[in-house]
Protein chains: 2
Amino acid sequence: MITRLFLQTHRKPILSDEDAAALEAACARTQEFAAKRIIVREQMPLTQCTLLLNGFIERFKDTAEGRRQILAIHVPGDFVDLHSYPLKRLEHSVAALTPVTIATFPHPEIRALTERSAALTELLWRSTLVDAAINREWIVSVGARSAAARLAHLFCEMFMRLERIGMTRELEFDFPVTQIDLADATGLTAVHANRMLRQLREQGLVEFRQGLVKILNWDALRDFAGFDPGYLFSIDRSVLAVRLPVTVQGRTQTGAGAGPCGTIGSFTATSRACAIGALRQVRAEHGRD
Amino acid sequence: MITRLFLQTHRKPILSDEDAAALEAACARTQEFAAKRIIVREQMPLTQCTLLLNGFIERFKDTAEGRRQILAIHVPGDFVDLHSYPLKRLEHSVAALTPVTIATFPHPEIRALTERSAALTELLWRSTLVDAAINREWIVSVGARSAAARLAHLFCEMFMRLERIGMTRELEFDFPVTQIDLADATGLTAVHANRMLRQLREQGLVEFRQGLVKILNWDALRDFAGFDPGYLFSIDRSVLAVRLPVTVQGRTQTGAGAGPCGTIGSFTATSRACAIGALRQVRAEHGRD
DNA sequence: CGTTTCATTGATCAGCGTCAATCGCTGTGG
DNA sequence: CCACAGCGATTGACGCTGATCAATGAAACG
């Protein structure tokens with residue numbers, strides 16, 4: 001079943017059996033690519049979407065200065081370029097990080113799906129938005145986290161996403177990328193990424209060696225990275241909350257209650273100092289830092 | 001007409017008059033907020049979406065260390081949190097940068113729209129994906145551009161987005177944000193942002209003074225920022241190409257042609273050196289750098 | 001087996017953050 | 001009308017994080 005992992009990752013909204021079957025049937029064919037092969041080149045007109053079945057895929061842009069910025073790393077079950085359906089072209093390239101197997105869904109087939117079922121459309125739409133939420137978390141990573149925390153955060157994210165599809169073993173998982181890839185994803189140089197990986201290892205947080213990630217201390221790693229899985233929009237946030245007590249939640253307590261639906265806020269976004277103070281307090285209460 | 005600027009920004013797919021009217025009618029009410037007011041707080045369950053009619057809005061996250069990362073800046077005509085419809089909650093907060101007027105669209109109304117028209121759904125979907133493309137360009141900014149180039153790039157982006165909705169005058173436009181906001185958007189400190197703004201001014205590229213941006217030399221600014229408007233998915237790329245000759249286009253020429261539909265690439269993503277060399281060459285041909 | 005890629009480490013240095021002080025503007029209350 | 005507080009802009013001094021340059025070894029590959 002081609003769409004199994006996709007549906008396992010994105011469970012809402014719940015599809016009828018017919019819709020699920022229609023989605024499955026929309027696949028035109030499967031295909032394999034060697035590692036490092038470019039699958040989609042930026043700005044080319046596209047007529048199909050790519051569902052990743054096996055292996056790892058990167059989306060990236062190269063800058064004029066010769067730096068590569070990886071924008072996303074995809075795992076099996078991810079609809080790598082579903083956004084090409086409404087957009088018709090991509091503003092970035094897509095390449096295989098490892099040997100991969102993909103399934104392709106022609107745009108006309110997807111159009112037929114959207115005309116057939118609003119629920120199915122919403123599921124597809126939603127999956128592209130979870131992707132976007134991950135994009136935004138990466139903005140936070142490169143914009144506001146230290147080098148070591150960026151790497152730690154990436155490991156946390158990959159762990160949760162791979163666990164969702166059964167690709168972890170206890171606290172370790174295969175992550176067959178190079179240190180150069182890690183550097184390109186986190187906005188660092190390979191040299192510095194290497195040093196930070198050593199630091200993470202020596203701090204007893206996480207170990208990365210030849211494509212294998214071993215999480216040595218999940219709680220410490222999560223705190224160090226400032227990782228809050230909320231942005232992954234996984235199925236059951238309450239379960240995650242138990243397993244991963246959310247540090248940063250305290251933020252929303254800065255000030256009294258908001259309107260009933262949360263859209264009518266009643267507080268300003270100012271007073272950084274105040275918010276920071278509150279945060280430090282929350283962190284202190286949890287005995288961290 | 002509430003949706004005028006939105007439809008002006010997002011012209012594809014083209015809507016029927018009925019669909020456009022239905023969209024217009026889905027608005028429940030308009031509302032005003034003072035500057036710095038939080039409009040949507042992260043993680044709160046949402047039941048409506050926000051269309052910005054007037055003013056500027058930011059989407060942001062605060063980190064545990066007290067840093068604020070701005071994830072997006074919205075201009076009139078932007079559906080600020082349309083992604084809350086499929087996602088039901090947001091992983092970030094939304095606040096007014098200036099006094100704003102917004103229109104709210106209840107989720108049930110949007111659901112009705114999606115059940116009514118696949119074309120309308122695609123337009124809405126597409127607009128959330130253009131947003132995501134901007135998110136990704138911001139990853140490139142904070143991850144791979146120098147401090148000054150990040151600011152320059154932001155000014156280029158805002159200029160193009162504001163021009164689309166008629167909010168520029170020749171080469172200047174109102175951008176009523178503080179230097180702190182600019183710093184939070186670009187992953188810099190306010191102090192350093194200030195210095196870089198001075199540098200950009202002294203280099204004769206762009207001037208930012210009390211909420212007014214004056215572009216002193218568009219070509220030089222665009223080149224300095226490495227700005228390629230393709231990621232904005234504006235209406236007519238060819239027009240933009242004439243007006244703003246696309247430097248970075250040359251990249252896709254690195255290697256011979258790809259498959260007919262662009263999905264079957266035939267080159268590897270390796271050999272950075274080669275690609276960089278080719279880029280330098282392209283840039284040299286254009287007499288830059 | 002040569003060639004290339006990746007990992008690793010050292011030395012050096014620059015870009016950007018941090019700390020601190022000043023100045024101007026605005027709003028506010030006495 | 002003035003004193004004062006708060007915020008934003010600006011500038012200087014200093015230091016750290018992370019980039020750059022360089023070299024080596026090991027492993028993968030054709």
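All of these numbers come straight from a predicted model, not from anything done at the bench.
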Taking [atom1] from [X] and [atom2] from [N], how many angstroms apart are they, rounded to a whole number?
X: B:R195; N: C:dT18; atom1: CZ; atom2: P; value: 12 Å
X: A:L212; N: C:dA7; atom1: CG; atom2: C1'; value: 16 Å
X: A:L151; N: C:dA7; atom1: CG; atom2: P; value: 13 Å
X: B:L97; N: D:dG8; atom1: CG; atom2: P; value: 12 Å
X: B:H192; N: D:dT11; atom1: NE2; atom2: P; value: 14 Å
X: A:L197; N: C:dC6; atom1: CG; atom2: P; value: 15 Å
X: A:Q210; N: D:dA28; atom1: CD; atom2: C1'; value: 12 Å
X: B:R145; N: D:dA19; atom1: CZ; atom2: P; value: 17 Å

Hey, does [X] reach any base, or is it just sugar-phosphate, or nothing, if we go heavy atoms under 4.0 Å?
X: B:G211; result: nothing
X: B:T178; result: sugar-phosphate
X: B:R198; result: sugar-phosphate
X: A:R209; result: sugar-phosphate

D:dG8 phosphate, OP1 or OP2: any side-chain N/O from B:K36 under 4.0 angstrom? yes

Hey, is the side chain of B:N194 poking within less than 4.0 Å of OP1 or OP2 on D:dT10, counting only N and O atoms? yes

Any salt bridge linking A:E42 with A:R59? Criterion: basic side-chain nitrogen under 4.0 Å from a carboxylate oxygen. no

N-O pairing of B:R136 and A:E91 below 4.0 Å: yes

Taking the six-membered ring for Trp, are B:F173 and B:F175 parallel (under 30°), tilted (30 to 60°) or perpendicular (over 60°)? tilted

Relative to each other, are the rings of B:W218 and B:F159 parallel, tilted or perpendicular (30° and 60° limits)? tilted

Any luck finding a side-chain donor-acceptor pair between A:T63 and A:R67 under 3.5 Å? no

What nucleotide among D:dA9, D:dG18, C:dC6 has an atom nearest to a side-chain atom of A:A147? D:dG18

Quick one: which of C:dG17, D:dT20, C:dA7 gets closest to the side chain of B:L188? C:dG17

